[in-house]
Each structure stands twice: as structure tokens, then as C-alpha cells.
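Since the structure comes first, as C-alpha cells, the remarks are kept for the end.
It should be emphasised that the depicted structure is a prediction, and the values quoted were computed from it without experimental measurement. Computed over heavy atoms, backbone and side chain alike; hydrogens, waters and symmetry mates excluded. Whatever order the structure lists ligands and atoms in, that order sets their numbers, starting from 1.
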Amino acid sequence: MGLFSTLFSHDHGQARPRPDHVTFTLSHASFTYDDGHVGLRDVTVTLDQRRIAVIGLNGSGKTTLLKLLDGALAPTSGSVTLTVGKDTMTPCGRKDRKRVERLVGRVRREEIPESFYRSESVAKALDERMRTNHIADGERQARIGSLLVQLDLSLWRDRPADALDSEHRHLLAVGAALCADPIVLVADEPTKGLDEVSTARVARALFALDRQVVFATHDTSMITRPEIAIDRAILLDEGRIVFDGTPQDAVDAYADVIRRHRNRDIAV
Ligand SMILES: Nc1ncnc2c1ncn2[C@@H]1O[C@H](COP(=O)(O)OP(=O)(O)OP(=O)(O)O)[C@@H](O)[C@H]1O
């Protein structure tokens, strides 16, 4: 199925708008790394809101969970599926991989594709990535223009990617993920390592996009910013979901987790 037909389905000659979200369903999903470390333990959850935060301490399983959602990892037991409209796919499955890559935009911290560093400018790098994602010749320049404006990258348009400062590299990582025009962005610590001001700017740009976003952070200020309006926050601890609810309640639950870990350290 081509990109256009993935995005629009025709019923009696009428184009139906594409869905505005996907649904991830994890059923008893666990992941154990080759060396025996457990990344995620027996997680059962359905994720279909537009703004979902995953929080937790270092090593709590955030990255593992996000990699199961975007298909970078396959669960070692249990299952993970992605549903869009009437279609259900397996993110890591060989059969569905190409489609999932178009539906799910991966944002990994400030990582941008290697090819971006080889390109002579940010605009050319985006153009090349859109071309490989089958965005039509006639559409690409307009898309690149609006993407650069939305992500505050216009001033960097003709400069090479390695000239970008840290804030704009984070924004370009989001831009690279948008090149396939995905329905959902799965973003692992999209503001990692940024100061307060840059964090606020990147968060504002990311959440101003008309896109479903599932993101991981351990910066609780990210989930309580009024301009972001997070629908749901999931708290992980030692590979398990220990809280699932409103961002404000999640902050309190996170404080309890921190307290418990500190008390355990003191007791040792
Ligand atoms: N490649 C790997 N090989 C072995 N163990 C791993 C690997 N990646 C993660 N782990 C382990 O899996 C568990 C969950 O790690 P994960 O990276 O998912 O947590 P996280 O919440 O994203 O952490 P951080 O905030 O530090 O990035 C940890 O115990 C971690 O040490």
C-alpha cells in the first residue's frame, strides 16, 4: 500500500481524512536484554491519547518501552500492537515494518540521522529524507518551508547540520522524524541536556505540532507546563508501571518513588 493510500482511504470516491492518532496495545509485554538485564516487566496498557508522558528514574524502562512502541525492539514475551483505523500491526514485525516506519516518527534525544551531517545544508538533508520517504517532488519544498518555520529552524536552512547548537539539533531531530509525515511521534527525552530556556522552546515547538506525541522524560517540569496540556502520564519504576493518571498526580507519585529509592540507599 502506498503512502497516499495509507493516509487516505476512499469510500465511494470520497477521501476520508487520515486518523489523528494510533493506538498502542501492550499485553503482558516484557523485554529482557541479551545480558539478562530486564528492561520492562509484564506491562499491560492501551495508549491512545494525543499527549502521553512516560516518566521514571534512570534505568526505569522508559527507553525500552518507547522502543517497543516504535518497533526498534520486539518484546521477549507478551505482545505489542499498533492500531490505526481498522488496521492492526505489529511494530517490530517484518511484514509491517515499512508501514510502521511511516506511521511512527522516532525522536531519539538529539540524534539526527548520519546522512544529515554529510549534507551541505539542513534544507537539503530534509529534502533528501523526504524524497526517500516518497514525498512527491511538488510537495517537498512547501513541506520543508513550513517545517523549518514550525521548528524555528529557518535561520539554519542553508547551514550544515553540524553547525547547529544543541537546542536546534534537538529541533532538527524532531524535523527528521517528521519527514515521513507520521501520525505519531515517539520521542525519547526530546529535551535531554538542555537548559531551562531551551527546554521550554523545544517543548513549545514539539507540542505545537498537530501530532500525537508519546514522550519520555525525567524532567517533571515538562509534564506540568500549562502550554503542553499532557493528557496522561505513566510512571515506570524498575520496569513496571507504578502509576497511570494525570500529570499532577504523576508528579506526586514520582516524588514517592524517589523517596523510596533514597530510603533504600540509606538503609544499605
Ligand atoms: N542495551 C542494553 N543492554 C543491557 N541492559 C540494558 C540495555 N539498555 C538498557 N538496559 C537496562 O534495562 C533497564 C531499563 O533501561 P532503559 O534504558 O529502558 O531505562 P530508562 O528509564 O530509559 O533510563 P535512562 O533514563 O537512564 O535513559 C535498565 O536496567 C538498563 O540498565
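- The nearest protein atom to atom 27 (O) of ligand 1, hydrogens excluded, is given as Arg109 NH2, 2.9 Å; this is a heavy-atom distance.
- With hydrogens and angles ignored, the 3.5 Å screen pairs a side-chain donor or acceptor of Arg97 with a backbone N or O of Cys92.
- Under a 4.0 Å heavy-atom criterion, Leu57 is in contact with ligand 1.
- Heavy-atom neighbours of Asp195 CG from other residues, nucleotides or ligands within 6.0 Å: above the threshold of 12.
- A salt bridge does not link Lys124 to Asp127: none of the charged nitrogens lies less than 4.0 Å from a carboxylate oxygen.
- Ranking the protein heavy atoms by distance from atom 30 (C) of ligand 1 puts Gly59 CA, 4.7 Å first.
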Go through it in stages, so that I can follow the logic: the residues are Thr88 and Thr83, the test is side-chain hydrogen bond (donor to acceptor under 3.5 Å, both in side chains), and I'd like the CA-CA distance, side-chain angles, deciding distance and then a yes or no. CA-CA 4 Å; Thr88 294; Thr83 302; 2.9 Å; yes
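- Taking 4.0 Å as the cut-off between side-chain N and carboxylate O, Arg143 and Asp181 count as a salt-bridged pair.
- When each atom of ligand 1 is checked for a heavy atom of Val38 under 4.0 Å away, the hits are 12 (O), 13 (C).
- Considering each of His218, Lys62, Arg41, the one bringing a non-hydrogen atom nearest atom 21 (O) of ligand 1 is Lys62.
- Note on ligand 1: Ser60 sits in its first shell, one or more heavy atoms being nearer than 4.0 Å.
- Residue-level proximity to ligand 1 for Asp35 is carried by the side chain, the only part with a heavy atom below 4.0 angstrom.
- Scanning the protein for heavy atoms near atom 6 (C) of ligand 1, the closest one is Tyr33 CD1, 3.3 Å.
- Applying the side chain to side chain contact (heavy atoms under 4.5 Å, CB included) test between Thr199 and each of His170, Glu167, Arg225 identifies Arg225 as the sole match.
- Closest of all the heavy-atom pairs between Ala72 and Arg108 is CB-NH2, 3.5 Å.
- When only non-hydrogen protein atoms are considered, atom 26 (O) of ligand 1 lies nearest to Asn58 ND2, 3.0 Å.
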For a quick test of your reading: what N or O donor-acceptor pairs under 3.5 Å do the side chains of residues 232-241 make, sequence neighbours left out?
residue, atom, partner, partner atom, Å
Arg232, NE, Asp244, OD1, 2.8
Arg232, NH1, Thr46, O, 2.7
Arg232, NH1, Gln49, OE1, 3.0
Arg232, NH2, Thr46, O, 3.4
Arg232, NH2, Asp244, OD2, 2.7
Asp237, OD1, His261, NE2, 2.8
Asp237, OD2, Arg260, NH2, 3.2
Asp237, OD2, His261, NE2, 3.4
Glu238, OE2, Arg264, NH1, 3.4
Glu238, OE2, Arg264, NH2, 2.6

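- Atoms of ligand 1 found under 4.0 Å from any heavy atom of Glu189 (numbered from 1 in listed order, with element): 25 (O), 27 (O).
- Residue, atom and distance of the protein heavy atom nearest to atom 17 (O) of ligand 1 are Thr63 CB, 3.7 Å.
- If you look at Asp34 next to ligand 1, there are no close heavy atoms at all, none under 4.0 Å.
- Looking only at distances, a side-chain donor or acceptor of Thr246 sits under 3.5 Å from a matching main-chain atom of Asp249.
- Of all protein heavy atoms, the one lying nearest to atom 18 (O) of ligand 1 is Thr64 OG1, 2.5 Å.
- When all heavy atoms of Ile223 and Ala53 are compared, the closest pair comes out as CG2-CB, 3.4 Å.
- If you check which protein heavy atom lies closest to atom 19 (O) of ligand 1, you get Gly61 N, 3.1 Å.
- At the top of the distance list for atom 31 (O) of ligand 1, counting protein heavy atoms only, stands His37 CD2, 4.2 Å.
- The closest approach between any non-hydrogen atom of Lys67 and ligand 1 is not below 4.0 Å.
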